[in-house]
Enquirer: 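Quick one: structure below, then a few questions.
Just so you know, ligand 1 is whichever comes first in the structure, and atom 1 is the first atom listed for that ligand. Keep in mind it's a predicted model, so treat the numbers as computed, not measured.
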Amino acid sequence: MAKSPEEEHPQKVFGWAARDSSGVLSPFHFSRRQVLFLPSELYHDRENGDDDVTVKVQYCGVCHSDLHTVKNDWGFTRYPVVPGHEIVGVVTKTGKNVNKFKVGDRVGIGVLVGSCKTCESCQQDLENYCPRMIFTYNARYHDGTRTYGGYSDMMIVEERYVLRFPDKLPSDAGAPLLCAGITIYSPMKYYGMTEPGKHLGVSGLGGLGHVAVKFGKAFGLKVTVISTSPRKEEEAIDKLGADSFLVSSDPAKMKAAMGTMDYIIDTVSAVHPLAPLLGLLKLNGKLIMLGLPEKPLELPIFPLVFGRKLVGGSDVGGMKETQEMLDFCAEHGITADIELIRMEEINTAMERLAKSDVRYRFVIDMANSVSQ
Ligand SMILES: NC(=O)c1ccc[n+]([C@@H]2O[C@H](COP(=O)([O-])OP(=O)(O)OC[C@H]3O[C@@H](n4cnc5c(N)ncnc54)[C@H](OP(=O)(O)O)[C@@H]3O)[C@@H](O)[C@H]2O)c1
Ligand SMILES: [Zn+2]
Ligand SMILES: [Zn+2]
């Protein structure tokens with residue numbers, strides 16, 4: 001008979017898991033990299049393999065993808081699931097082939113922990129588009145074991161998928177860069193959205209959106225936030241540095257802004273109309289979709305055809321570009337605005353995240369959370 005995840009493992013990891021689509025998280029004991037067909041005395045050697053780094057987790061950001069996953073919004077959650085893919089921690093063990101990191105180094109782990117390394121995408125440093133890419137949680141590792149994320153006290157990850165965390169970046173406010181940061185930086189580079197003086201619209205002012213405002217300003221763009229939350233206006237301008245703020249439910253202001261934007265980054269997590277956003281774009285404007293609503297959106301074709309507009313998408317970034325992004329953030333002083341919580345507060349945080357009530361990313365302080 002198959003053993004439960006709690007029974008399988010010689011070495012315990014402690015984390016918080018959701019067990020069903022209520023999404024409620026609770027304490028969960030498990031291990032990583034258990035190889036079921038090996039005798040138990042060999043487990044230890046296989047946990048931190050020759051190319052692996054073991055990391056004591058210090059901070060983990062709470063991405064809306066974590067919420068989609070615990071609620072099974074996308075229909076492919078396998079429970080129990082331990083979310084978390086914005087992880088900062090300290091190296092506690094290295095395999096014998098590891099040369100990028102040593103014990104005591106501060107490192108980051110993001111959305112992926114594996115890929116095939118041989119396909120065209122992997123060879124172009126685009127592991128994030130590898131058909132065999134392995135997500136940090138809710139996936140299967142090469143050896144068939146489940147991956148569990150950073151709402152836990154320990155990670156084991158192959159060196160290639162671990163990032164050097166720049167000295168200048170704080171661990172707590174820097175953690176969200178590992179998903180939110182690279183998710184914004186990569187498409188801005190790829191779609192050529194970095195030309196100083198151009199006008200960027202940021203749709204949805206949450207974890208991704210507020211970081212998009214900061215990158216936009218760092219690249220010298222004019223930035224307008226397009227939001228459903230009028231209460232976020234003052235902060236968006238005074239604190240985050242946006243140039244202007246549009247409430248999407250205000251028809252007069254939306255109309256006045258028609259045809260003024262060169263690019264829009266859409267980070268909205270729920271189903272929403274695209275016609276107003278396409279209307280805001282100039283001729284040749286680009287609308288880049290990053291949010292992952294649970295149902296397909298309707299795409300009006302007339303504004304695309306008659307304005308030669310483009311709609312694209314993008315999924316996080318490869319390891320090389322993620323390192324480049326972290327170094328860019330260290331140089332330009334870009335971090336997330338965070339609300340630090342303890343693990344025990346995660347269910348309340350998730351409820352608030354569902355209501356777009358976070359300024360602007362929850363980050364879990366693992367070291368100061370109850371450990372059992
Ligand atoms: N492409 C990728 O690689 C990638 C990576 C990470 C996350 N994601 C996805 O990106 C989305 C955003 O993630 P996040 O962590 O930034 O989430 P978040 O912090 O919850 O921000 C999403 C924002 O969308 C707006 N919004 C929410 N519901 C809305 C609705 N019904 N209509 C209009 N606007 C609404 C809200 O902004 P306002 O209050 O300003 O309206 C909210 O703050 C999620 O779907 C997530 O899964 C994608
Ligand atoms: Zn994420
Ligand atoms: Zn590959």
Enquirer: Could you tell me whether a side-chain N or O of Thr145 sits under 3.5 Å from a main-chain N or O of Tyr141, the two making a donor and an acceptor?
Expert: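 Pair absent, no side-chain N/O of Thr145 close to backbone of Tyr141.
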
Enquirer: Which residues pass the side-chain hydrogen bond (donor to acceptor under 3.5 Å, both in side chains) test with Ser229, not counting sequence neighbours?
Expert: none

Enquirer: Quick one: does ligand 1 sit under 4.0 Å from the side chain of Trp74, the backbone, both or neither, non-hydrogen atoms only?
Expert: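 Under 4.0 Å from ligand 1, Trp74 contributes side-chain atoms alone.
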
Enquirer: Which residues and atoms, protein N, O or S only, are under 2.8 Å from the Zn ion (ligand 3)?
Expert: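 As for protein N, O or S atoms lying under 2.8 Å from the Zn ion (ligand 3), they are Cys116 SG, Cys119 SG, Cys122 SG, Cys130 SG.
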
Enquirer: If you measure from each non-hydrogen atom of Thr267 to ligand 1, which part falls under 4.0 Å: side chain, backbone, both or neither?
Expert: backbone

Enquirer: Val316 to ligand 1: N or O pair under 3.5 Å?
Expert: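 Yes - when backbone and side-chain N and O of Val316 are compared with those of ligand 1, one distance drops under 3.5 Å.
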
Enquirer: Measure the distance from atom 44 (C) of ligand 1 to every protein heavy atom, then report the residue, atom name and distance (to 0.1 Å) of the closest one.
Expert: His68 NE2, 3.5 Å

Enquirer: Kindly confirm or rule out an N or O of Tyr360 lying under 3.5 angstrom from an N or O of ligand 1.
Expert: no

Enquirer: Is there a polar contact, in the sense of an N or O pair closer than 3.5 Å, between Gly209 and ligand 1?
Expert: no

Enquirer: To the nearest 0.1 Å, how far is atom 15 (O) of ligand 1 from its closest protein heavy atom, and which atom is that?
Expert: Arg361 NH1, 2.6 Å

Enquirer: Counting heavy atoms only, which part of Ser314 comes closer than 4.0 Å to ligand 1: side chain, backbone, both or neither?
Expert: backbone

Enquirer: Does a salt bridge link Asp243 with Lys222, judged by any charged N lying under 4.0 Å from a carboxylate O?
Expert: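 Salt bridge absent between Asp243 and Lys222.
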
Enquirer: If you measure every N or O of Ile226 against every N or O of ligand 1, does any of those distances drop under 3.5 Å?
Expert: no

Enquirer: Using a strict cut-off of 4.0 Å, indicate which atoms of ligand 1 neighbour a heavy atom of Leu353.
Expert: 19 (O), 20 (O)

